[in-house]
Amino acid sequence: MSRATQVAKVADRERTAARLLKSSADKFYDPLIDIDWDAPVVAGKHYHPEHRVSLYGTDLWDRMTPEQRIELGKHEIASIASNGIFFEVLLMQMLLKQVYKHDPTSDHVHYMLAEIADECRHSTMFGKACKRFGAPAYGPPWWVRQLAKALPVFGQGPSAYAAILVAEEVLDRMQRENMNDEGLQPLIRMVNRIHVLEEARHVTFARQEVVQGMANAGPVARHYHRALTAVVSYFVMLCLINPRVYAAVGLDPKAAARAAKRNPHFRATLHYWGERIMKFLDEAGLVGGPTMPLWRKAGLVKK
Ligand SMILES: [Fe+2]
Ligand SMILES: [Fe+2]
């Protein structure tokens, strides 16, 4: 990279960071103050839209009672939110490592610290929501937790941001729909609204890091970033619904997970949640080549 390009890149980063810092100061929520955690649960309202529940449209679904369907939606949203916590904590680790490496007087570092503060509040909010509704914070299976320890070590540059963007943008697409759904619990809608509002900054920041990182990557690095993005994205999608949610509503977890995997409605939902981020990753040169079967298995590219 020439000296002039490097200077322009740093100036660009600083401009974006300054703008995002201003937005962080203007618009943010504190879930401990801004959410009434004692508000009553509204009888008959859902926690997750029925058509987005993993078993919607299957034979198993037809045999479930209306109460069981609401309950499954509640456990699925707890599984998704607790995976959100898991990926937010991973992102915080990676951001903290960047803070160490860069100039602490720069807006770039100040913004990374602001984003870590946002994620601290989000993880608290998701944890409190699971507790409020009496659902476990399922998170990913233990073996994914072990594998994920390697991400802050291997996840450097554009693929680290791209992988986190998949988690953030999949959640964001789901939450934008849910925050406007009047059939859902008001508390769930508020959690979604807060997260959507604050995540918009994170998406802008990470997208810029991906675009700049890929523009500077050589051919070998591009292959590496493509592979790592596909592998992590696959795990993000695989973890969203922990099979223990099925046992929580009295279903056989293995049979129900199999039915969800084959369910064309749920595959359409996964594709819908990933549509926006996949378009971006494709344009950034992160989708293609030998990783395509993994994207298809993840439900992010149609079979
Ligand atoms: Fe977040
Ligand atoms: Fe975020």
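Just so you know, these numbers use all the heavy atoms, side chains as well, and skip hydrogens, waters and symmetry mates. Counting convention: from 1, in listed order, for ligands and their atoms alike. All residue numbers in this chain count up from 1 along the given sequence. Quick caveat, the model's predicted, so the values are computed rather than measured.
- Remark: H51 engages no residue in a ring pair (Phe, Tyr, Trp, His ring centres under 6.0 Å) (not counting sequence neighbours).
- With sequence neighbours excluded, the residues satisfying ring pair (Phe, Tyr, Trp, His ring centres under 6.0 Å) with Y56 are W61, H265.
- Taking the six-membered ring where tryptophan is involved, the planes of Y111 and H202 are perpendicular, since the angle between them exceeds 60° and thus also 30°.
- Between R63 and D59, none of the side-chain N atoms (NZ, or NE/NH1/NH2) sits under 4.0 Å from a carboxylate O, so this pair counts as no salt bridge.
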Side-chain donor-acceptor contacts of residues 238-248 below 3.5 Å, not counting sequence neighbours, with atom names and distances?
| residue | atom | partner | partner atom | Å |
| --- | --- | --- | --- | --- |
| N242 | OD1 | R244 | N | 3.0 |
| N242 | ND2 | G139 | O | 3.0 |
| Y246 | OH | S54 | OG | 2.7 |

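- The pair E283-K279 meets the salt-bridge criterion, since a charged nitrogen lies less than 4.0 angstrom from a carboxylate oxygen.
- At a cut-off of 2.8 Å, measuring from the Fe ion (ligand 2), the protein N, O or S atoms that fall short of it are E119 OE2, E168 OE2, E199 OE1, E199 OE2, H202 ND1, waters left aside.
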